[in-house]
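Heavy atoms only: backbone and side chains are in, while hydrogens, waters and symmetry mates are out. Every number for a ligand or one of its atoms is a count from 1 in the order of the listing. If you read the sequence from its start, that first residue is 1, and numbering goes on from there.
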Amino acid sequence: MLEIPETRPLTLSDVTIRLAERTLLAVSATVMPGEVLTIMGPSGSGKSALLAFAGGFLDPAFDASGRLLIGKEDLTNVAANRRHAGILFQDPLLFPHLSVGGNIVFAVPPSVRGRETRRALAERALAEVGLAGFFDRDPETLSGGQKARVALQRVLVSAPHFLLLDEPFSKLDTALRQQMRELVFSRARAAGLPAILVTHDSADAEAAGGAVIEIGGEAKP
Ligand code: ADP
Ligand code: MG
């Protein structure tokens, strides 16, 4: 719908994250366009820290080494807002002061010009996930599943180069969770985006259908 996003592999090269002298995780992996790498680990194992490293917003309390690459481009020292990461968290985090459509228009890249064009893009994005006619709604009036779909479309209209998924299904009820998994993974595949999913739920890993790396087995010196 927008310009075709660049689809290059995403590489974590010898990424090690430490907290207070303790190694939380050490990961090396390449994720091909349209594929999902799942990082599985219990609560506190450093899953969110790893995505924060990849997104460029890791808290300085952590010590990280290693590199993040998209294709051959090294993003390790690139500012978060220039990495073109599409991020989904457990909560949809819609802006409460904007309409549903406003939340999506906000994410349309500035290179797409003209109020009407930007609005039309957002309307199409809503229609794609069964939310035609929801543009002017207050996000607060949406169900959990509807908010999750708006959050997904907000990420996708931003034309990301890769996806970072931080347990985005964990707060949805069972039936909805399966639907959202299918929607997120099929849209990521269709857009040819490499994705890293972190989760403690092995059913997420199964649904993602890609490689799985387990972290946080035991504390390393
Ligand atoms: P997960 O997402 O796997 O549950 P996190 O990446 O959030 O784990 O956290 C990994 C570890 O780092 C946990 O022990 C957590 O308490 C700690 N931690 C998280 N954020 C910070 C921070 N800003 N400063 C210090 N420690 C943190
Ligand atoms: Mg977490």
**Request:** Could you tell me which atoms of ligand 1, counted from 1 in the order shown, lie closer than 4.0 angstrom to a heavy atom of Pro42?
**Result:** 3 (O)

**Message:** Regarding ligand 1, does Lys47 bring an N or O atom to under 3.5 Å of one of the ligand's N or O atoms?
**Reply:** yes

**Request:** Output yes if Ser43 passes the N/O/S-under-2.8 Å test against the Mg ion (ligand 2); output no otherwise.
**Result:** no

**Fill in**
atom 15 (C) of ligand 1: closest protein heavy atom, distance to 0.1 Å, is Leu19 CD2, 4.7 Å

**Message:** Tell me which one of Glu167, Met40, Glu206, Arg181 satisfies side-chain contact (heavy atoms from CB on, under 4.5 Å) with Asp201.
**Reply:** Arg181

**Item:** Salt bridge Arg187-Glu128, side-chain N to carboxylate O under 4.0 Å
**Value:** yes

**Fill in**
A student comparing Gly44, Ala49, Gly41 should find that the heavy atom closest to atom 10 (C) of ligand 1 comes from Gly44

**Request:** Please state which part of Ala61 comes within less than 4.0 Å of ligand 1, counting heavy atoms only: side chain, backbone, both or neither.
**Result:** side chain

**Request:** Apply the test side-chain contact (heavy atoms from CB on, under 4.5 Å) to residues Leu68 and Val15: give CA-CA distance (whole Å), side-chain angles for both, the deciding distance (0.1 Å), then the verdict.
**Result:** CA-CA 8 Å; Leu68 176 79; Val15 173; 5.9 Å; no

**Request:** Show which atoms of ligand 1 fall inside a sub-4.0 Å distance from at least one heavy-atom site of Asp59.
**Result:** 23 (N)

**Fill in**
Nearest non-hydrogen protein atom to atom 7 (O) of ligand 1, with distance, is Ser48 CB, 3.7 Å

**Item:** Pairwise distance CZ(Arg113) to CZ(Arg118) - rounded to 0.5 angstrom
**Value:** 9.0 Å

**Asked** In terms of residue, atom name and distance, what is the protein heavy atom nearest to atom 19 (C) of ligand 1?
**Response** Phe62 CZ, 3.5 Å

**Item:** cation_pi(Arg83, Phe57) dist<6.0 Å, angle<=45
**Value:** no

**Asked** So which heavy atom in the protein is nearest atom 8 (O) of ligand 1, and how far is it from that ligand atom?
**Response** Gly46 N, 3.3 Å

**Message:** Quick check on atom 25 (C) of ligand 1 - does any protein heavy atom sit closer than 4.0 Å to it?
**Reply:** yes

**Value rounded to 0.5 Å, distance of CD1 in Ile104 from CG in Leu131** = 8.0 Å

**Item:** Pairing of Arg119 and Asp136 as salt bridge, 4.0 angstrom limit
**Value:** yes

**Request:** Answer yes or no for Ala52: is there a heavy-atom contact with ligand 1 below 4.0 Å?
**Result:** no

**Request:** Could you tell me whether Lys171 and Asp91 make a salt bridge, using a distance below 4.0 angstrom between a side-chain N and a carboxylate O?
**Result:** yes

